[in-house]
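For reference, the structure is listed below as structure tokens.
FYI, side chains are in, hydrogens and waters are out, and symmetry mates aren't considered; it's all heavy atoms of this structure. Chain letters run A, B, ... following the sequence lines, proteins first, then strands; residues in each count from 1.
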Amino acid sequence: MWHALKAELAYFRPWLLGGLGIAAGVVLLLSVLMRLANEGEGPPGFVVAMFPIMAGMVVSFIAGGLRVEERRARLLLSGTITPRQLAWVNVLLPVCFVALSALALAPLLGLATLVAGKLEPSALRIAFGFMVQFWAYAQLGPLAQESTAARRERRGRAALVGWAFFAGVILVLAGSQFFLHSVHVQLAQVTVVIATMVVAATLYQGRTDFTR
Amino acid sequence: MADHRPDASPAASLSGLTKRFPGFQLGPLDLVLEPGTVLALVGPNGAGKTTTLNCMAGLVVPDEGGTEVFGAPVRPDRAEYRRDIGYVGEENGFFQGWTAARNLKFLSELLPGWSKDRANRFVQRFALPLDKPVNKLSRGNKTKLALVAALAHGPRLLLLDEPTAGLDPVVRSEVLDVLWEITEDGEHAVLYSTHVLSDISRLADELAFLRDGRLVLRTGRDELSESWRRVSFRLANEGIELTGVVEHRRVRAEHQIITREAETTLQQLAELGAEAVEVSRMTVDEIAVQILKEGHHVARAES
């Protein structure tokens, strides 16, 4: 399983690096513009935090689509990997993309500080908040894929569970927007995202068609 | 093919294999494939050939019945049977942006039993360009890559879904040669689906005809070509009834028939006093076309 996950990460590395490059460019541009406009005032922390993590989320969506298009399951299931392991590869990929982009945030924060002079002290906490949010959105990709697959394979109950959970997660995320600064809310979001991963992985294991 | 794991079990056995889709049902299929056999699964588009192969490879879970490969049940959650299977489909899941070499390297770490020597041998044999990304390879080279990937871990059962479709004659011939060599040792079996009928006479020992998800006929290639004949004769009688005739054209007293029971038909013609009887052999391809055209009729007659 780790072999497959490593290979997928290596395969999508150019996409991730490209996405982070674009995000860095946007952050840098905003830092310069804001400094000019606000008499030396740096960009708000959420601006710096948002773009790189968003890049990780976008790459996770691209990877999800490309892997289906390239019929990756066919290749991976020709070896020793079981559908259970493949299910976890599917749901761990978004985690890895978002986590890697969050790691890339550190030098970007440094760069933005260098250009803008100072950053809000709450930038790191906000960055964590964004990470959880975008991770949640990224994780909705595999869940939507599995709910659709369940419907296509006429597994009615599985499709219902998948879509109901999907709607539930959206409602929770929408509701929690009002309390983003609360650590408790952030932890609740993490719990919901992990549950989303478990549901998506379970739905994948119940598939009757692994050709896509 | 270096792996020799003696086993008394059939290479593959399908028992009551059934898969339902909206508007289509495959099976129930019962089929046994012995080691050393090349079985061609012949049928028109939508007959269920790909679904059958996918079920055998464990990529599609049947609604009823099941498959065994060398005695091991095929279940997606069990990986053991996969070491015995080499599968070439239309889509093989390769990393399209990676070169053929990098894909093969990845597979060498994924598939137990992978032999670098064996892989290199097939790469050279097929003259496969290893340094090109998969999405830049031609259809023929993609098929070659899929074949190398399917053969390099030494499987005893090859499942090939239209392996020669879209290939130029030279590559096609090379691919068929390799497949033929693989089964020479009597331990390996090949099940391949095709609607390129000319492949049948080149490679297959046995033929299974699928139509609308049902197995309408399974027969040996030689047996098939021995029993089918095209016959022309002159007979003035109206309303003649001949056994085994699947096609009958008549212009006045001139008759042209195709029979799948040549011996019986010719005997009946002699008894009826037919004149100017001319018998010609049919190629396996021609017979296959007739069987697919007359699928239901043959199925009824066989049963």
Test log, rule side-chain hydrogen bond (donor to acceptor under 3.5 Å, both in side chains), inputs B:D161 and B:S193: CA-CA 5 Å; B:D161 190 9; B:S193 77; 2.6 Å; yes
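- Interface summary for chain B: among A:R71, A:E69, A:E8, A:R72, the most heavy-atom pairs under 4.5 angstrom belong to A:R72.
- Side chains of A:E153 and A:T208: a donor on one and an acceptor on the other come within 3.5 Å.
- Heavy atoms closer than 4.5 Å to chain A are found nowhere in B:I85, neither backbone nor side chain.
- Neither the backbone nor the side chain of A:R67 comes within contact range of chain B; no heavy atoms are under 4.5 Å apart.
- Remark: A:R154 CZ is packed, more than 12 non-hydrogen atoms of other residues, nucleotides or ligands lying under 6.0 Å away.
- At a 4.5 Å heavy-atom cutoff, A:L66 makes no contact with chain B through either its backbone or its side chain.
- Per-residue counts of heavy-atom pairs under 4.5 Å with chain A were compared for B:P112, B:A149, B:G97; the largest is that of B:G97.
- Proximity to chain B (any heavy atom under 4.5 Å) is shown, for A:R84, by neither the backbone nor the side chain.
- The 12-atom threshold is not exceeded at CZ of A:R151, counting heavy atoms of other residues, nucleotides or ligands nearer than 6.0 Å.
- Looking at heavy atoms from C-beta onward, B:L158 lies out of side-chain contact with B:L191 at the 4.5 angstrom threshold.
- Note on ring orientation: taking the six-membered ring where Trp is involved, the planes of B:W98 and A:Y11 are perpendicular (angle over 60°, cut-offs 30° and 60°).
- A:Y204 has its ring centre less than 6.0 Å from the ring centre of A:F210.
- The aromatic rings of A:W163 and A:F166 sit perpendicular, their planes meeting at an angle over 60°, well past the 30° parallel limit.
- Of the two parts of A:L86, neither the backbone nor the side chain holds a non-hydrogen atom closer than 4.5 Å to a non-hydrogen atom of chain B.
- Of the two parts of B:R75, neither the backbone nor the side chain holds a non-hydrogen atom closer than 4.5 Å to a non-hydrogen atom of chain A.
- Contact of B:N92 with chain A is made through the backbone alone, with heavy-atom distances under 4.5 Å.
- B:Y87 touches chain A through its side chain: at least one heavy atom from C-beta onward sits under 4.5 Å away, while N, CA, C and O do not.
- Neither the backbone nor the side chain of B:R78 comes within less than 4.5 Å of any heavy atom in chain A.
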